[in-house]
There are 2 protein chains.
Amino acid sequence: MSRVLVVDDDPQLSRALRITLRAAGYEVVNAADGRTALHEAAEEHPDLVILDLGLPDLDGTEVLAGLRPWFTGPVLVLSARVDSHDKIAALDAGADDYVSKPFDMGELLARLRALLRRGLGEADEPVVRTEHMTIDLVAKRVTVDGAVVRLTPTEWALLSELVRAPGRLIGQRQLLQSVWGPAYEKETHYLRVYMAQLRRKLEPDPARPRYLQTEPGMGYRFTP
Amino acid sequence: MSRVLVVDDDPQLSRALRITLRAAGYEVVNAADGRTALHEAAEEHPDLVILDLGLPDLDGTEVLAGLRPWFTGPVLVLSARVDSHDKIAALDAGADDYVSKPFDMGELLARLRALLRRGLGEADEPVVRTEHMTIDLVAKRVTVDGAVVRLTPTEWALLSELVRAPGRLIGQRQLLQSVWGPAYEKETHYLRVYMAQLRRKLEPDPARPRYLQTEPGMGYRFTP
DNA sequence: TCCCGGCGTCAAGGTCCCGTCAGGAAGGTT
DNA sequence: AACCTTCCTGACGGGACCTTGACGCCGGGA
């Protein structure tokens, strides 16, 4: 089950949250002020943090700022303030949701479920490897059989658009739009020319593409 | 920049949202009822959907249910209802956030930012699985018994129209209209030809279809 | 029994799409 | 100024795809 860190200095509310969350099947860790909150967050590896902005020692946004650089899970902010500026500030400081007090406990649980449903995103790999080649998306470098291959800017833009979604079909309109711009949506001929160049540079057998595949009438697909 | 689909039947609110979102740098696509909303969501690949629950044709939760099987981006629900039960129902139906009308535009934008900030890292595949095959609606890829099956654009358009509403009967007119266009409403022969091709490619026994079923005189149905 | 509408199958045209090659224009470098 | 890289554009052959027609099957109604 998921682990929730509750940061609140009001004993009554804190206790109510703990009981409700336990009943809903969560593990609960408590913190009554900002400093222990940061400590507990690092120690207990919670999946989600419920953070009350009204804390005795630190401002809630400071806790948020201390949390966000390294904590990747969702943070739900509780506050007695209903002013929009507070909400906007908290959300832009890294909060994923903002609930004003007093709140309905059932709604809070539903918002927790919605946040946790989104799951934990894994770190995406910036370099794509296949049997024959490696494509480094951040270094903008491609090697085929160990040798570095030079790509022109247009070739690279096209390739990276395909490689960013491995296995996914990308429509020709989307490719044209993101490589050449919205005005070139109909110039499908560009695609044919540059796909041919990419295949000549990357494919083991350019006549029968293994990685850069055509889906006639729809678009292209990179399959690792 | 991110693309937002706004589903709302109130022209004033819809216009206000469009202007505000455009000014904030988003691409905006509009839909005034549930059916065009589902269609536009499939067609335009928005990064996020703003969904008003009060629609003329479908209940908002039905739109949510039609969206969720394959749409992975965040959905923000707007509603005039402030009752907690409505919020809980919408959130558990797949919404990622719930904002009651009237709302502050700045807060809405902040909630949008929070949702998009989180949504970009994730890439869950919305696949429809049966015993024999998997249908990936985003990657536009179908596998039968582990082997990739190539579909032509028309075959794919027809299949996805059926698969997006699993178990539901889709009339021939609707199929013809959404695949070939409004001028082809009477060309039921096309349907027979392409359904046969789909069955030959997908069904274990094309003579006795298990997934793509005919409802004589009415339409077709995909049953998982 | 015969007729008829709806459905499934097959095959053949014709159109559109795709890959390839090559030549010329534009911009930057030596 | 000459050279190079890169991008755009046209022509052409081949293949994939869509359309269309013909035919057989089945069930319901005259």
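Side chains included, hydrogens not; waters and symmetry mates left out as well; all remaining heavy atoms used. Small disclaimer: the values here were computed from a predicted structure and weren't measured. All chains are named by letter (A, B, ...) in the order of the sequence lines, taking the proteins before the strands, and each is independently numbered beginning at 1.
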Less than 4.5 Å apart, side chain to side chain, heavy atoms only: is that true for A:R111 and A:E107? yes
Regarding A:Q172, tell me which of base, sugar-phosphate or nothing describes its non-hydrogen contacts under 4.0 Å with the strands shown. sugar-phosphate
Closest to side chain of A:P216, choosing from C:dC18, C:dG19, D:dT6: C:dC18
Roughly, in whole Å, what's the span from OH in B:Y190 to P in D:dC18? 11 Å
Separation of atom CG in A:L191 from atom P in C:dT20, rounded to whole Å: 14 Å
For atom NE2 of A:H189 and atom P of D:dG13, their distance in whole Å: 15 Å
With a 4.5 Å cut-off on side-chain heavy atoms, are B:Q213 and B:L162 touching? no
Contact class for B:T214 (heavy atom, under 4.0 Å): base, sugar-phosphate, or nothing? sugar-phosphate
Only residue of A:I135, A:L198, A:V163 satisfying side chain to side chain contact (heavy atoms under 4.5 Å, CB included) with A:W156 is A:I135
Distance in angstrom units between A:Y194 OH and D:dT5 P, rounded: 14 Å
To the nearest angstrom, the CG-P distance between B:L158 and C:dG8 comes to 12 Å
Answer with base, sugar-phosphate or nothing: what part of the nucleic acid does B:R150 contact at a heavy-atom distance below 4.0 Å? sugar-phosphate
Nearest to the side chain of A:W180, which nucleotide is it out of C:dG8, D:dT19, D:dC8? D:dC8
Side-chain N,O (B:T152) to OP1/OP2 (D:dC18) below 4.0 Å: yes
Among the candidates D:dC18, D:dC7, D:dT19, find the nucleotide nearest to the side-chain atoms of B:V193. D:dT19
Results of side chain to side chain contact (heavy atoms under 4.5 Å, CB included) for B:A165 - residues two or more places apart only: B:R168, B:I170
Rounded off to whole Å, could you give me the CG-to-P distance for the A:L198 and C:dT20 pair? 12 Å
From OH of A:Y220 across to P of C:dC17 the rounded distance in Å is 12 Å
Quick check: on DNA chain C, is the nucleotide nearest B:E215 upstream (toward 5') of the one nearest A:M218, or the reverse? Name the residue that is more 5'. B:E215
Could you tell me the separation between the CZ atom of B:R192 and the C1' atom of D:dC25, rounded to a whole number of Å? 13 Å
Indicate every side-chain donor-acceptor pair of residues 175-190 of chain A with a distance under 3.5 Å to a residue at least two apart or in another chain.
from: A:S178; atom 1: OG; to: A:E161; atom 2: OE2; distance (Å): 3.4
from: A:S178; atom 1: OG; to: A:Q174; atom 2: O; distance (Å): 2.9
from: A:S178; atom 1: OG; to: A:L175; atom 2: O; distance (Å): 3.4

